[in-house]
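Because the structure is predicted, anything quoted here is derived from the model rather than measured. Proteins get letters first, then strands, A, B, ... in listed order; numbering begins at 1 in each.
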Number of protein chains: 2
Amino acid sequence: MYTVKEVSKLLGLTEHTIRYYTDKGLVPSVQRDKNNNRLFDEESLNWLIGVKHLKQCGMSVEDIKSYVDLCLEGRSTIQERYGIIMKQKATALAQLEEAKQRAKYMEEKANHYLDIINEVLPDDTNPGKWQKNMPIAH
Amino acid sequence: MYTVKEVSKLLGLTEHTIRYYTDKGLVPSVQRDKNNNRLFDEESLNWLIGVKHLKQCGMSVEDIKSYVDLCLEGRSTIQERYGIIMKQKATALAQLEEAKQRAKYMEEKANHYLDIINEVLPDDTNPGKWQKNMPIAH
DNA sequence: TATAACCTTCGAGTAACACGAAGTCAAGAG
DNA sequence: CTCTTGACTTCGTGTTACTCGAAGGTTATA
């Protein structure tokens, strides 16, 4: 059983965010101890991991709540839930492509700065100084 | 030269966001036509692409503004700018790893749903029905 | 017994848009 | 020549998802 603080360290979410999610009903299986403190078992932890992934896919808290409610309704909602997951899976794959591009861009940018620092190129990263026929640095 | 609408389509940002960024000074090279409409040339477009990437790395609008101001100051700030870019590059690489994990998770989740729909497994994605000794589905 | 180290709820504040109203301007239709 | 369409403008409010801090309860250690 994990406290909010422990879950925070395990998942890399702030304690505030974890309380916010549980209060919104995104982790229906979370329990309380005799002092009213939130207690997460393995199941709650796994649910929260799922919530975290769905959130990072771009789903709103409200939409995740709807999904969780569908889960609580049982088998009859499986097709609908599958549709939601398929959509978020597509989003995740698109995000992966974007992340690759972003990493590549930042790497090139860093190398470009190195070139400037080594005086191989003039400082054309300054937008105010850019002139026609100069290579574009951004 | 591109209008706000064209830039919106090119970069996948909303027109609102583009105006917001230019108003905040994140694209210093953007011009206006005789009717006061924002006009983007190649340079402005490239700057906005850079801003978009920095934003997606998790930088705040305020911090990006500081970075842009450093750029406008010229060569003397190169080392500082290089430091910022190196940090964001590290972030981008970490994000790439997370995106991979997320895509993998969503793929497994989708396959799991397929198994349930094909009645290979019971519906143990329902947190309210989870029991000890049952396999964890999330 | 007090001091710290946890946890709680609650309410206000913030970042980054998102949206809509109200107005300007240029081009094409009748 | 007026009218409508459509894209742009500014400005001000609304929304989401936190984020922070205050005020207070409980338990372990000194």
J.: Atom CD1 of A/Ile18 and atom P of D/dA17: how far apart are they, to the nearest Å?
T.: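 Rounded to the whole Å, the gap is 17 Å.
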J.: For the pair made of OH in A/Tyr20 and C1' in D/dT19, what is the distance, rounded to whole Å?
T.: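 About 11 Å, once rounded to whole Å.
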J.: Nearest whole Å is fine: how far is D/dT10 P from B/Glu15 CD?
T.: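 Those two atoms, CD and P, are 13 Å apart.
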J.: For A/Asn35 and D/dG24, give me the distance from atom CG to atom C1', rounded to whole Å.
T.: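 My rounded result for the distance is 13 Å.
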J.: Knowing that exactly one of A/Gln95, A/Arg102, A/Gln101 qualifies, which makes a side-chain hydrogen bond (donor to acceptor under 3.5 Å, both in side chains) with B/Gln56?
T.: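 Considering A/Gln95, A/Arg102, A/Gln101, a side-chain hydrogen bond (donor to acceptor under 3.5 Å, both in side chains) with B/Gln56 is found only for A/Arg102.
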J.: A/Arg38 pairs by side-chain hydrogen bond (donor to acceptor under 3.5 Å, both in side chains) with which of A/Thr3, A/Asp23, A/Asp33?
T.: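 When A/Thr3, A/Asp23, A/Asp33 are each tested with A/Arg38, the side-chain hydrogen bond (donor to acceptor under 3.5 Å, both in side chains) holds only for A/Asp23.
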J.: Quickly work out the B/Lys5 NZ to D/dT9 C1' distance and round it to whole Å.
T.: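 About 14 Å, once rounded to whole Å.
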J.: Go through DNA chain C in 5' to 3' direction and return only the first and the last nucleotide with some atom under 4.0 Å of chain B's heavy atoms.
T.: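 So the contact region on DNA chain C extends C/dA16 to C/dA26.
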J.: Tell me: NZ of A/Lys55 to C1' of D/dC18, nearest whole Å?
T.: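 Rounding to the nearest Å, NZ of A/Lys55 and C1' of D/dC18 are 9 Å apart.
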J.: Over 60° means perpendicular and under 30° means parallel, so tell me whether B/Tyr67 and B/Trp47 are parallel, tilted or perpendicular.
T.: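 Taking B/Trp47 first and then B/Tyr67, their aromatic rings sit tilted (interplane angle of 30° to 60°).
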J.: Between A/Lys100 and A/Glu97, is the closest basic N to carboxylate O distance under 4.0 Å?
T.: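 Salt bridge: yes.
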J.: Mind calculating the distance between CD1 (A/Ile64) and C1' (D/dT16) to the nearest angstrom?
T.: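 Rounded to whole Å, this separation is 12 Å.
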J.: Round to a whole Å and report the spacing from CD of B/Glu6 to C1' of D/dG6.
T.: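 Atom CD in B/Glu6 sits about 14 Å away from atom C1' in D/dG6.
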J.: Under 4.0 Å, heavy atoms only, any strand: does B/Arg38 hit a base, just the sugar-phosphate, or nothing?
T.: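 Sugar-phosphate contact only - B/Arg38 comes under 4.0 Å of backbone atoms but never of a base.
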J.: Counting only side-chain nitrogens and oxygens, does B/Arg19 get under 4.0 Å of the OP1 or OP2 atom of D/dA7?
T.: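 For B/Arg19, the contact criterion (side-chain N or O under 4.0 Å from OP1 or OP2 of D/dA7) is not met.
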J.: Treating Ile, Leu, Val, Met, Phe, Trp and Tyr as nodes and any side-chain heavy-atom pair under 4.5 angstrom as an edge, say whether A/Ile64 and A/Tyr20 lie in one connected cluster.
T.: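 Linked, A/Ile64 and A/Tyr20 end up in one cluster.
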J.: Both A/Asn36 and B/Lys34 contact DNA chain C. Taking the nearest nucleotide for each, which residue is further toward the 5' end?
T.: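 First, find each residue's nearest nucleotide; the 5'-ward one identifies A/Asn36.
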J.: I need the minimum non-hydrogen distance between B/Cys71 and A/Tyr113, along with the two atoms involved.
T.: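 Taking every non-hydrogen atom into account, SG-OH, 4.2 Å.
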J.: For B/Asp41 and B/Ser44, does a side-chain donor sit closer than 3.5 Å to a side-chain acceptor?
T.: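 Yes, side-chain donor-acceptor contact under 3.5 Å.
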